[in-house]
Amino acid sequence: MALDLEILKKTAIYSTIFGAGLGIIALVPALMPTISLFLLPFLSGIIILIALEKLNPGILKTLDTKDCTLLGGMAGSICCVSFLIIFAPLVLFLKLFIKTYYTYGIDFLNFFLASVLIISVMLIFFATNAVGGLLTGFLINRFNKN
């Protein structure tokens, strides 16, 4: 069965919530490197697909491995965008009140550089999370056969 609009909507909603939540949690400077360098690029697609399966049992059983690959890549890209939309303004807002707060270089970006950075990071996150989605889809299909 091919991807239908219901699965795409649920994946987009879960990815947006997950990315925004990580954007708020990443305001703690000790957690930011772990979230932005490990959790978002490699595990967000897997986490979203597992949450999709747990909250809607049997929804991924009907999908092929290639569909799970696309869902994983889409989840990673949406998590990236929602993370940046929440994280960047909050960091700049905190910098107004806490002068020693680290801005991670966000205040030095102009619009063009920020656009190029966001697009390139989205592509990287799409590729790495597509591999995670492929692995998750393969394992779900393998467990369903047994």
Side-chain angles (χ1 to χ4, degrees), residues 1-95 101-145:
M1 183 179 156
L3 289 173
D4 60 343
L5 196 58
E6 176 83 14
I7 297 172
L8 292 175
K9 281 183 188 178
K10 287 182 180 183
T11 304
I13 290 169
Y14 297 157
S15 301
T16 304
I17 292 169
F18 185 68
L22 287 179
I24 293 170
I25 294 171
L27 292 174
V28 177
L31 296 177
M32 197 282 186
T34 304
I35 290 171
S36 65
L37 297 176
F38 182 68
L39 195 62
L40 275 174
F42 299 111
L43 296 178
S44 60
I46 295 171
I47 291 170
I48 297 300
L49 288 179
I50 290 172
L52 188 66
E53 181 64 31
K54 290 292 180 187
L55 295 173
N56 306 297
I59 198 166
L60 295 180
K61 291 179 183 177
T62 60
L63 298 179
D64 294 335
T65 306
K66 65 177 180 162
D67 296 332
C68 290
T69 304
L70 289 174
L71 282 178
M74 184 184 86
S77 297
I78 292 173
C79 279
C80 168
V81 170
S82 64
F83 174 82
L84 291 174
I85 285 174
I86 297 296
F87 180 72
L90 287 178
V91 163
L92 296 176
F93 183 71
L94 282 175
K95 182 70 174 176
Y101 192 78
Y102 189 63
T103 61
Y104 306 102
I106 293 172
D107 51 349
F108 297 118
L109 293 175
N110 61 21
F111 181 74
F112 176 73
L113 289 176
S115 316
V116 170
L117 178 71
I118 288 171
I119 291 171
S120 61
V121 168
M122 277 178 52
L123 289 174
I124 291 168
F125 283 12
F126 183 88
T128 56
N129 283 300
V131 172
L134 173 74
L135 178 66
T136 305
F138 176 75
L139 290 176
I140 286 174
N141 287 335
R142 181 64 60 187
F143 288 138
N144 286 335
K145 287 181 182 177

In short, S82 meets A20 closest at the heavy-atom pair OG-N, 3.5 Å
When every non-hydrogen atom of C68 is compared with those of L60, the smallest separation belongs to SG-CD2, 4.4 Å
Across all chains, not counting sequence neighbours, the side-chain hydrogen bond (donor to acceptor under 3.5 Å, both in side chains) partners of T65 are N141
Output for pair (I124 CD1, N129 CG), nearest 0.5 Å, gives 11.5 Å
| said: Less than 4.5 Å apart, side chain to side chain, heavy atoms only: is that true for N56 and I7? | reply: no
Interatomic distance, CG@L22 vs CG@L27, rounded to 0.5 Å, equals 11.0 Å
In short, I59 meets E53 closest at the heavy-atom pair N-OE1, 3.7 Å
Here the gap from I119 atom CD1 to S77 atom OG, rounded to the nearest 0.5 Å, amounts to 11.5 Å
CD1 of I13 to CG of L52, rounded to nearest 0.5 Å, is 10.5 Å
d(I118 CD1, L123 CG) to nearest 0.5 Å is 12.0 Å
- Would you say the side chain of L8 lies within less than 4.5 Å of the side chain of M74, judging by non-hydrogen atoms? yes
Query raised in the report: If we only count heavy atoms from C-beta on, is the L71 to L63 side-chain gap below 4.5 Å?
Result: yes
Looking only at heavy atoms, the pair that brings I48 and S15 closest together is CG2-OG, 3.7 Å
Quick check: do L39 and T34 have side-chain heavy atoms less than 4.5 Å from each other? no
| request: Find out whether L70 and K66 are in side-chain contact, i.e. whether some heavy atom of one side chain is under 4.5 Å from a heavy atom of the other. | output: no
In terms of heavy-atom contacts, G45 and A75 come closest through CA-CB, 4.2 Å
Nearest heavy-atom contact between P89 and L84 is CD-O, 3.8 Å
Taking the six-membered ring for Trp, are F87 and F83 parallel (under 30°), tilted (30 to 60°) or perpendicular (over 60°)?
parallel
Check: Side chains of C79 and F125: does their closest heavy-atom pair fall under 4.5 Å?
Finding: no
So NZ of K10 and CG of L5: to nearest 0.5 Å the spacing works out to 11.5 Å
